[in-house]
Trainee: 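Pasting a structure here, questions to come.
In the text below, chain A, chain B and the rest are named by the order of the sequence lines, each starting its count at 1. Treat the numbers as computed from the prediction; the structure is a model and nothing was measured. Hydrogens, waters and symmetry mates are skipped; everything else that's a heavy atom, side chains included, is used.
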Amino acid sequence: MTETHIFAAVLDEVRGAMRALFPELPDDVLARVLVEPPRDAAHGDMATNAAMVAAKPARQPPQKIAAALAEKLIAAPMVAEAAPAGPGFVNLRLHESWLRARLPGVLTAGPRYGEATIGAGRRVDVEYVSANPTGPMHVGHCRGAVVGDALANLLAKAGWDVTKEYYINDAGAQVQALGYATYWRYLQAIGTAMTEEDYAAAVPGGLQYRGEYLIPVGEALAAAHGGALATPEKTPIEPALWLDTVRDFAVARMMEAIREDLALLGVQHDVFVSEAGLVRDGKLAQAEARLDAAGLIYVGVLEPPKGKTPDDWEPRPQTLFRATQFGDEVDRALRKSDGSGTYFANDIANHLHKIERGFDALVHVWGADHGGYVRRMQAAVSALSNGRVPLDVVLTQIVHVLKGGEPVRMSKRAGTYITLRDLIEEVGRDAVRFTMLTRKSDAQMEFDLDRVIEQSRDNPVFYVQYAHARCRSVLRQAGDPEAAVLAGAPLDALTDVAEMALLRRILTFPRLIEAASEAREPHRVAFYLADLAGDFHALWNRGREDATLRFIREDEPEATRARLALVAATASVIRAGLAVMGVTPVEEMR
RNA sequence: GGACCCGUAGCUCAGCUGGAUAGAGCGCUGCCCUCCGAAGGCAGAGGUCGAAGGUUCGAAUCCUUUCGGGUCCGCCA
């Protein structure tokens with residue numbers, strides 16, 4: 001799709017020209033040559049750093065190279081002006097006719113516009129959400145779900161073969177606690193006389209997960225097993241007789257609920273991997289054997305953390321992984337001092353599983369509270385794959401929910417935390433998804449329930465949707481011409497500055513997809529769409545001041561067709577961008 | 001004590017992975033709707049990019065130090 005990727009097209013010309021001017025220039029120097037939009041539009045459409053990059057190896061001053069390059073580039077078909085500038089830039093102004101001629105390609109590509117080839121069909125595993133199956137999803141999970149899903153879509157758009165994965169933490173103490181909590185609800189369901197406090201006192205680690213959402217789970221257990229999991233007096237029997245059953249039952253129910261919540265958000269994973277399953281299949285043992293064979297495991301005693309030593313600190317020998325060999329601060333425990341595996345060990349097994357499935361790259365979306373965990377996981381992946389498979393971790397920061405400008409206090413104990421379901425019911429799925437992408441993922445975010453449904457200029461959700469609705473409104477009024485028909489329209493009539501600004505923005509979409517996917521930053525798509533919508537609204541407003549700039553003009557059928565092509569392309573790019581974000585475009589605003 | 005993230009206009013945030021005179025929205029100031037595309041539009045003011053060094057043709061961006069905010073910190077997941 002290079003015919004619509006204007007930066008790639010011009011870059012080809014620049015590299016060709018440099019090759020002709022300096023045949024001996026090394027490839028790695030040529031690879032550093034870039035063609036970018038200049039900050040200041042007064043400098044033209046694009047600028048290249050080629051002369052500055054080549055100055056040293058070519059042993060010539062950059063300005064001199066820039067002058068020669070400019071002279072050469074003026075011969076390129078799309079170049080209208082080429083001028084050396086500043087420290088050695090070459091500024092390029094492109095023929096507007098050439099830019100207009102890209103428009104049919106945009107229309108023909110439709111939803112596929114912007115697809116890139118940098119993924120080159122390589123396989124990437126994107127793991128996200130991975131909430132513990134111990135309760136309903138809340139806003140904290142929501143951001144990770146949206147960012148992960150959009151990132152996966154973005155990578156697919158950039159040519160990666162993407163697998164969306166959910167890792168179920170169903171093996172640790174948390175799900176054990178879930179088992180005990182569910183068992184309490186079961187006892188209640190069969191009519192126990194015990195009090196909650198008596199029961200809690202007998203539970204190792206205390207009774208967690210006291211939320212009401214486990215009540216129906218306990219009732220379902222009672223329906224399935226009757227009184228068989230308790231004494232005739234409806235008091236607890238040995239945990240060994242029921243814990244596995246109850247825990248597995250509860251986890252299955254929680255996962256069902258989580259899948260429903262994710263479906264509400266429009267998130268669908270391709271693969272669910274069970275931590276307990278990995279352990280059962282011996283993946284943990286395999287991973288450990290592998291690291292051991294590489295001499296990366298030893299039994300040792302870690303230093304206490306520097307500064308404040310915990311009160312109960314005592315040195316204990318543990319099985320450790322030599323994470324320091326891969327850039328981590330300290331070696332990390334694989335086994336606790338009692339010999340049982342750590343969460344880290346299981347996660348290593350998880351990553352071995354991924355590597356064995358042949359992925360070329362791994363991506364995780366984690367909450368920021370796992371930030372300290374990144375380095376060791378990268379160390380492990382590096383060790384297991386001999387450095388072949390990169391692991392990128394995208395951290396998402398906390399979301400503060402506001403209502404009318406006031407923070408909504410969240411407390412698990414009081415049961416006032418906001419579930420994903422609440423959020424979607426309050427503002428709608430599309431607003432949730434879009435808004436979650438209006439910040440860099442590693443910046444804290446305020447989610448103002450009133451703001452995100454506000455219909456105004458400063459709400460990008462509305463602003464972008466409104467632009468699409470306006471586009472569709474115009475097209476409907478014109479009888480909804482086929483994209484193929486509009487692709488054949490003569491475009492010479494598109495000359496107004498606002499029309500050209502919009503066109504130029506449309507043509508930067510492929511470059512945006514490349515950059516955003518490389519940086520693993522889906523939020524850039526949201527900002528791009530806001531800019532695109534801004535250009536479109538600006539053009540619309542010009543039609544208000546100057547009737548000759550309106551899209552549909554009875555007296556000018558040719559100009560009308562050209563403008564409809566531009567409007568159709570705008571709508572198409574908005575749809576393509578929203579598709580990456582997982583947001584549904586609206587046909588009209590009511 | 002250490003690690004990671006953040007610090008950009010009065011406010012909320014972008015800044016295309018080192019480029020030219022740092023941007024947007026809100027807010028503020030001043031103009032613009034009898035009607036024809038105003039759920040608004042146009043223009044303007046507003047910045048030592050937290051601070052100090054360093055790297056180089058060139059730094060908001062990279063490195064070091066430092067200040068402020070957040071998150072986390074042996075075997076919890």
Trainee: Rounded to whole angstrom, note down the P distance from B:A51 over to B:C11.
Mentor: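 Rounded to whole Å, the distance is 15 Å.
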Trainee: For A:Pro62, report the nucleic acid contact type (base, sugar-phosphate, nothing); a contact means any heavy atom under 4.0 Å.
Mentor: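 No contact at all - A:Pro62 keeps every heavy atom at 4.0 Å or more from the nucleic acid.
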Trainee: Paired with B:C33: which nucleotide, if any, by Watson-Crick or G-U wobble criteria at under 3.5 Å for both distances?
Mentor: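 Its partner: none found.
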Trainee: For A:Ala368, report the nucleic acid contact type (base, sugar-phosphate, nothing); a contact means any heavy atom under 4.0 Å.
Mentor: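 The answer is sugar-phosphate, as A:Ala368 gets under 4.0 Å only of primed atoms, P, OP1 or OP2.
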Trainee: When you compare B:G2 with B:A22, how far apart are their C1' atoms, in angstrom units rounded to a whole number?
Mentor: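 My reading of the C1' atoms in B:G2 and B:A22 gives 35 Å.
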Trainee: Show the nearest heavy-atom pair for residues A:Cys142 and A:Val432, with the distance to one decimal.
Mentor: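 So the two residues come closest at SG-CG1, 3.6 Å.
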Trainee: Is there a Watson-Crick or G-U wobble partner for B:A20 with both distances under 3.5 Å, and if so, which one is it?
Mentor: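 Pairing partner: none.
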Trainee: According to side-chain hydrogen bond (donor to acceptor under 3.5 Å, both in side chains), who are the partners of A:Ser473, at least two apart in sequence or on a separate chain?
Mentor: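 For A:Ser473, no residue satisfies side-chain hydrogen bond (donor to acceptor under 3.5 Å, both in side chains) once neighbours in sequence are set aside.
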Trainee: Look through every strand shown and name the nucleotide pairing with B:A59 as Watson-Crick or G-U wobble, where both distances are under 3.5 Å.
Mentor: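 In the structure as shown, B:A59 has no Watson-Crick or wobble partner.
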Trainee: May I ask you to verify if any side-chain N or O of A:His370 is less than 4.0 angstrom from the OP1 or OP2 atom of B:C76?
Mentor: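 Checking A:His370 against B:C76: no side-chain N or O falls below 4.0 Å of OP1 or OP2.
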Trainee: Restricting to side-chain hydrogen bond (donor to acceptor under 3.5 Å, both in side chains), what partner residues turn up for A:Arg15, sequence neighbours left out?
Mentor: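 Scan of A:Arg15 (side-chain hydrogen bond (donor to acceptor under 3.5 Å, both in side chains), adjacent residues dropped) gives none.
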Trainee: Under the criterion of centre distance below 5.5 Å and interplanar angle below 30°, is A:Phe89 classified as stacked on the base of B:A20?
Mentor: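 It does: the ring sits over the base of B:A20.
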Trainee: Strictly below 4.0 Å, heavy-atom distances to any atom of RNA chain B: list the hits from residues 527-536 of chain A, or just say none.
Mentor: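 A:Phe527, in order of number.
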Trainee: Tell me if the aromatic rings of A:Phe527 and A:Tyr463 count as close, with their centers under 6.0 Å from one another.
Mentor: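 Ring centroids of A:Phe527 and A:Tyr463 are no less than 6.0 Å from each other.
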Trainee: Please give the nucleotide sitting opposite B:C26 as a Watson-Crick or G-U wobble pair, both distances under 3.5 Å, or none.
Mentor: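 Here B:C26 is engaged in a pair, and the nucleotide opposite it is B:G10.
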Trainee: When you check every protein heavy atom under 4.0 Å of nucleotides 3-8 of chain B, what one-letter string (B, S, -) results, 5' to 3'?
Mentor: -SSS--
Trainee: Within the structure shown, what part of the strands sits under 4.0 Å from A:Ala547 by heavy-atom distance: base, sugar-phosphate, or nothing?
Mentor: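 Answer is nothing: A:Ala547 stays at 4.0 Å or more from every strand.
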Trainee: Can you work out whether A:Val90 or A:Ala515 has the more 5'-proximal nearest nucleotide on RNA chain B?
Mentor: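 Looking at RNA chain B, the more 5' nearest nucleotide goes with A:Ala515.
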Trainee: Taking the P atom of each, how far is B:U8 from B:A45, in whole Å?
Mentor: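 To the nearest whole Å, 23 Å.
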Trainee: What's the closest nucleotide to the A:Arg524 side chain, out of B:C16, B:G19, B:U12?
Mentor: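 For the A:Arg524 side chain, the nearest candidate turns out to be B:C16.
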Trainee: Counting only heavy atoms from other residues, nucleotides and ligands, does the tally under 6.0 Å from CD of A:Glu454 exceed 12?
Mentor: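 Atom CD in A:Glu454 is crowded, with more than 12 foreign heavy atoms closer than 6.0 Å.
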Trainee: For the P atoms, the ones on B:C13 and on B:G70, what distance do you get once it is rounded to whole angstrom?
Mentor: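 Taking atom P in both B:C13 and B:G70, they lie 15 Å apart.
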Trainee: Taking only the C1' atom of each, what is the distance from B:G18 to B:G68 in whole angstrom?
Mentor: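 One C1' to the other, the span is 27 Å.
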Trainee: Among all residues two or more places apart in sequence or in another chain, which pass the ring-ring contact (aromatic ring centres under 6.0 Å, His included) test with A:Phe321?
Mentor: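 A:Phe321 satisfies ring-ring contact (aromatic ring centres under 6.0 Å, His included) with no other residue.
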Trainee: Pick the P atom in B:C26 and in B:U65, then give their distance to the nearest Å.
Mentor: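 Going atom to atom, P in each nucleotide, I get 41 Å.
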Trainee: Can you list everything that forms a side-chain hydrogen bond (donor to acceptor under 3.5 Å, both in side chains) with A:Glu514? Sequence neighbours excluded, please.
Mentor: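 With sequence neighbours excluded, A:Glu514 shows a side-chain hydrogen bond (donor to acceptor under 3.5 Å, both in side chains) to A:His5, given in chain and number order.
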Trainee: Please tell me which of A:Leu34 and A:Ser340 maps to the more 5' nucleotide of RNA chain B, matching each residue to the nucleotide holding its nearest heavy atom.
Mentor: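 Here A:Leu34 is the residue nearer the 5' end.
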Trainee: Scan every strand shown for a Watson-Crick or G-U wobble partner of B:A45, both distances under 3.5 Å, and answer none if you come up empty.
Mentor: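 Looking at the geometry, B:A45 pairs with no nucleotide.
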Trainee: Nearest to the side chain of A:Gln444, which nucleotide is it out of B:A20, B:G70, B:A77?
Mentor: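 Closest nucleotide to the A:Gln444 side chain: B:G70.
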Trainee: What does A:Phe551 touch in the nucleic acid at a heavy-atom separation under 4.0 angstrom: a base, only the sugar-phosphate, or nothing?
Mentor: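 Base, at least one base heavy atom under 4.0 Å.
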Trainee: Is there a Watson-Crick or G-U wobble partner for B:C72 with both distances under 3.5 Å, and if so, which one is it?
Mentor: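 Answer to the pairing question: B:G2, which forms a Watson-Crick or G-U pair with B:C72.
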Trainee: Show the atom names and distances, to 0.1 Å, of all donor-acceptor pairs under 3.5 Å that link a side chain in residues 53-69 of chain A to residues at least two apart or in another chain.
Mentor:
none

Trainee: With a 3.5 Å cut-off and just heavy-atom distances, do the side chain of A:Thr342 and the base of B:C75 make a donor-acceptor pair?
Mentor: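 A donor-acceptor contact between them is absent.
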Trainee: Where along nucleotides 31-36 of chain B does protein come under 4.0 Å, by heavy atom, of base (B) or sugar-phosphate alone (S), with - for untouched nucleotides?
Mentor: ------
Trainee: If the glycosidic angle is within 90 degrees of 0 it's syn, otherwise anti, so just tell me which one B:C28 is.
Mentor: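 Anti, since the glycosidic angle lies more than 90° from 0.
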Trainee: Excluding sequence neighbours, so at least two apart, what forms salt bridge (Lys or Arg N to Asp or Glu O under 4.0 Å) with A:Asp347?
Mentor: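 Listed in chain order: nothing, the list is empty.
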Trainee: According to salt bridge (Lys or Arg N to Asp or Glu O under 4.0 Å), who are the partners of A:Arg505, at least two apart in sequence or on a separate chain?
Mentor: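 For A:Arg505 the salt bridge (Lys or Arg N to Asp or Glu O under 4.0 Å) partners, ignoring immediate neighbours, are A:Asp531, A:Asp535.
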Trainee: Do A:His537 and A:Arg470 get their side chains close enough for a donor-acceptor pair, meaning under 3.5 Å?
Mentor: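 Present: a donor and an acceptor within the cut-off.
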Trainee: How would you list, by chain and number, every residue that makes a side-chain hydrogen bond (donor to acceptor under 3.5 Å, both in side chains) with A:Ser274, sequence neighbours excluded?
Mentor: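 In terms of side-chain hydrogen bond (donor to acceptor under 3.5 Å, both in side chains), with neighbours along the sequence ignored, A:Ser274 is linked to A:Asp170.
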Trainee: Applying salt bridge (Lys or Arg N to Asp or Glu O under 4.0 Å), can you list everything that pairs with A:Arg316, at least two apart in sequence or on another chain?
Mentor: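 Expected list: A:Glu314.
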Trainee: Should B:A51 form a Watson-Crick or G-U wobble pair with both distances under 3.5 Å, which nucleotide is its partner?
Mentor: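 B:A51 is paired with B:U65.
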